[in-house]
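Heads up, the thing below is written out as structure tokens.
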Amino acid sequence: MLEIASCDRQSAVYLDEDAVYRVVHIGHEDSVSQVLKTVDAIDGIVTTEICNDKELLATLASDGQKLVLKHKKIKYISYPHEWCASMLKDAALFHLELSQKLIAQELFLKDAHPWNILFEKGTPVFVDFTSIVTRDSLFGEVYLDANRSHKMDSAEVRLAWIFKEIFERMYIPYFAQALCGYAFGQHSRVRTMIELTTLNASTSMISLRNCFPGWQGMRQLPLVIGKLFGLLRVRMQIKNVINRLIEKKDVTIFSAEINALVSNLKVEVGNTAYSNYYELKGENNAWDYSDSWNDKQKSVYSALNISEIRSVLDVACNTGWFAILAEKLGKHVVAFDIDEGCIETLYSRVKRDQLDILPLVLNFTEMTQDRHSIVDGKKVLINATQRLCSDSVIALGIIHHLILGVGLSFNEILDKLMPLCRKQLVVEFIDSDDEMIQSEPSFFPTYCNDRSIISGYNMQTLIDLIEAQGFDVSVLASHPVTRKILVCNRR
């Protein structure tokens with residue numbers, strides 16, 4: 001059981017295989033119990049109950065600790081820098097809406113950052129239960145300067161200053177300014193900044209300047225000057241809303257006004273060169289099994305359509321045709337791609353149809369690593385391999401890019417793939433005489449610079465390496481005939 005880093009005075013959090021446990025510290029039992037009784041009717045909060053398992057209580061709770069909460073565990077943990085911009089925007093709006101619902105019940109959020117939110121079936125879920133507090137608990141939060149500087153003011157005034165501080169310290173840098181950077185088109189830059197400034201794992205936070213390119217990247221400044229000033233105007237409008245909060249002392253109106261500003265930000269990447277990949281290949285079929293499917297679709301279907309495979313990771317998923325196929329077969333699915341436009345397309349479908357798929361923006365060669373707290377040294381971020389490990393991993397149309405394009409070896413690729421799969425690996429191998437390789441060699445930089453590497457690029461070498469790692473390999477047809485599907489099952 002893994003204890004997650006936390007600066008929360010109220011509880012400690014432990015991740016188990018099938019649940020999340022929260023041990024409430026002595027002195028906070030009554031306020032946490034009050035929250036638990038109140039939030040049942042509020043949508044969007046992780047399902048939570050009191051843990052009565054005596055064995056677990058004896059393991060987790062020390063002397064005097066009496067209250068342990070058991071939370072539903074969201075199948076796949078994800079982090080804000082792994083979301084497409086639309087997901088961060090939905091999380092930002094969700095946070096504001098949840099705050100309004102809680103205020104109506106005389107409850108409050110004591111912080112305002114995206115690491116308290118996960119996604120399930122395209123819907124944000126608030127998972128940091130003890131960030132929901134009573135008014136008395138909020139007024140007792142020692143990290144808030146407003147609780148000292150406005151201690152003698154009325155509750156209404158004090159609450160307004162607390163909201164102002166929380167939003168300026170967390171919501172603006174981690175939500176609003178990041179979204180402004182996305183709206184300006186700096187998607188890769190902003191995602192990097194979000195990861196580097198992970199809360200409790202960094203001494204810095206995102207500034208508005210971080211979200212825009214330096215002057216060397218602004219050679220076409222006259223073309224974007226209007227957009228730039230538009231976003232700066234949004235930032236000024238947010239500042240004005242915060243000032244009105246202090247004047248009006250109405251936190252509900254404040255949340256609604258911030259919501260309106262965030263809603264109007266256009267953060268999507270839009271279509272990219274790969275967004276219509278399946279249409280161009282004639283593979284954008286319906287997901288009910290059909291004789292009209294090509295061999296690749298039939299082979300992947302047969303590999304996944306077994307009861308032992310309950311979860312699937314789709315590596316380099318594009319817009320997710322095979323991820324959706326796996327979901328239609330009843331699997332829990334996580335799917336990632338480096339192309340954010342493709343992930344936006346998949347997220348839109350997941351959100352609309354409430355599919356059991358988590359779409360992420362990830363680079364297979366640079367997936368998230370562990371990050372630790374600067375406060376207590378415990379894990380803040382868990383590496384992607386541990387979080388995304390699934391029964392089956394499908395890697396279609398990527399191996400040749402990694403070898404001939406990026407310059408990785410079969411062993412380097414397998415070293416990354418094998419820890420991700422518990423039972424099965426489904427790999428597509430594209431032969432060297434495939435039309436794409438032959439007609440577009442410049443698309444594969446490593447191969448273009450050194451044609452000799454093709455001599456070590458063959459399917460049997462890959463099969464031998466996979467079998468040596470304890471797998472039985474079956475070779476199935478793919479499409480076109482220069483491609484094969486390798487279905488590899490652990491012995």
Side-chain angles (χ1 to χ4, degrees), residues 4-5 15 73-92 94-95 113-128 173-175 178-179 181-182 186-202 206 210-211 267-269 272 311-320 323 332-351 355-372 379-390 393 395 398 416-417 419-420:
I4 297 298
L15 292 184
K73 187 177 182 182
I74 306 301
K75 179 63 179 177
Y76 291 108
I77 296 171
S78 63
Y79 301 122
H81 67 276
E82 299 171 335
W83 303 339
C84 65
S86 299
M87 293 172 75
L88 182 66
K89 179 178 176 179
D90 284 348
F94 164 77
H95 180 95
H113 60 78
W115 290 276
N116 283 344
I117 296 169
L118 296 178
F119 279 82
E120 186 175 46
K121 296 185 178 180
T123 302
V125 180
F126 192 85
V127 296
D128 191 5
Y174 297 121
F175 279 125
L179 289 171
Y182 282 145
Q186 297 298 301
H187 289 254
S188 178
R189 183 186 184 92
V190 171
R191 276 200 307 277
T192 298
M193 287 308 307
I194 294 173
E195 182 177 11
L196 291 177
T197 60
T198 295
L199 194 69
N200 298 330
S202 171
I206 299 175
N210 294 147
C211 297
V267 301
E268 298 82 2
V269 170
T272 65
S311 58
V312 174
L313 169 62
D314 188 354
V315 176
C317 64
N318 194 259
T319 54
H332 303 289
V333 182
V334 60
F336 71 79
D337 201 285
I338 195 173
D339 189 310
E340 187 168 352
C342 291
I343 294 302
E344 277 182 358
T345 299
L346 178 56
Y347 173 62
S348 178
R349 184 182 292 275
V350 168
K351 180 180 173 182
L355 301 178
D356 190 4
I357 301 174
L358 175 65
L360 299 175
V361 181
L362 282 174
N363 184 339
F364 175 72
T365 62
E366 299 175 0
M367 294 193 295
T368 304
Q369 302 300 309
D370 290 337
R371 287 179 66 88
H372 296 83
K379 283 188 182 181
V380 175
L381 301 185
I382 303 169
N383 67 79
T385 299
Q386 185 176 345
R387 286 181 289 117
L388 307 184
C389 182
S390 301
V393 172
I398 184 177
K416 291 180 177 293
L417 283 175
L420 290 165

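Computation of the quantities below employed the complete heavy-atom set of this structure, encompassing side-chain atoms and omitting hydrogens, waters and symmetry-equivalent molecules. If you're wondering where the values come from, they're calculated on a predicted model, not measured in any experiment.
Using a 4.5 Å cut-off on side-chain heavy atoms (C-beta onward), Thr197 and Tyr174 make contact. The shortest distance between side-chain heavy atoms of Ile343 and Cys317 falls below 4.5 Å. With contacts defined as side-chain heavy-atom distances shorter than 4.5 Å, the pair Phe336/Leu346 does not qualify. Residues Thr198 and Leu381 are in side-chain contact: their nearest non-hydrogen atoms beyond the backbone lie under 4.5 Å apart. Looking at heavy atoms from C-beta onward, Ile4 lies in side-chain contact with Ile382 at the 4.5 angstrom threshold. Residues Val312 and Ser390 have side chains not in contact (no heavy-atom distance under 4.5 Å, counting atoms from C-beta outward). In this structure, Lys89 and Tyr182 have side chains that are not in contact, with every pair of non-hydrogen atoms separated by 4.5 Å or more.
One distance of note links CD1 of Ile117 with CZ of Phe175; it measures 4.5 Å at 0.5 Å rounding. With rounding to the nearest 0.5 Å, the separation of OG1 in Thr385 from CG in Leu417 is 9.5 Å. Between Ile206 atom CD1 and Ile194 atom CD1 the span is 5.0 Å, to the nearest 0.5 Å. Taking CG of Leu88 as the reference point, atom CG of Leu179 lies at 4.5 Å (rounded to 0.5 Å). Once rounded to the nearest 0.5 Å, the distance linking CD of Glu120 with NE2 of His332 reads 9.5 Å. Taken from CD in Glu268 to SG in Cys84, the straight-line distance is 8.5 Å, to the nearest 0.5 Å.
A donor-acceptor distance shorter than 3.5 angstrom exists from the side chain of Ser202 to the backbone of Leu196, with no hydrogens or angles considered. Remark: the backbone N or O of His187 is not paired with any side-chain donor or acceptor of Glu340 at under 3.5 angstrom. Using modelled atom types, one side-chain atom of Asp370 and one backbone atom of Asn383 make a donor-acceptor pair closer than 3.5 Å. Formation of a donor-acceptor pair under 3.5 Å by the Thr192 side chain with backbone atoms of Ser188 is found in this model.
Within a 6.0 Å radius of NZ in Lys73, more than 12 heavy atoms belonging to other residues, nucleotides or ligands are found.
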Can you give me every donor-acceptor pair (side chain of residues 358-369, partner residue at least two apart or in another chain, under 3.5 Å) with its distance?
unit_1 : atom_1 : unit_2 : atom_2 : d
Asn363 : OD1    : Thr365 : N      : 3.0
Asn363 : OD1    : Thr365 : OG1    : 2.9
Thr368 : OG1    : His81  : NE2    : 2.9
Thr368 : OG1    : Glu82  : OE2    : 2.6
Gln369 : NE2    : Met367 : O      : 2.9

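Ring centroids of Trp83 and Tyr347 are separated by 6.0 Å or more, keeping the two rings apart.
Not a single salt bridge (charged side-chain N to carboxylate O under 4.0 Å, His left out) links Asp356 to another residue, sequence neighbours left out.
For Arg387 against Ser78, the heavy-atom pair with the smallest separation is NH1-CA, 3.8 Å. Listed here is the closest heavy atom pair of Val350 and Gly122: CG1-N, 3.6 Å.
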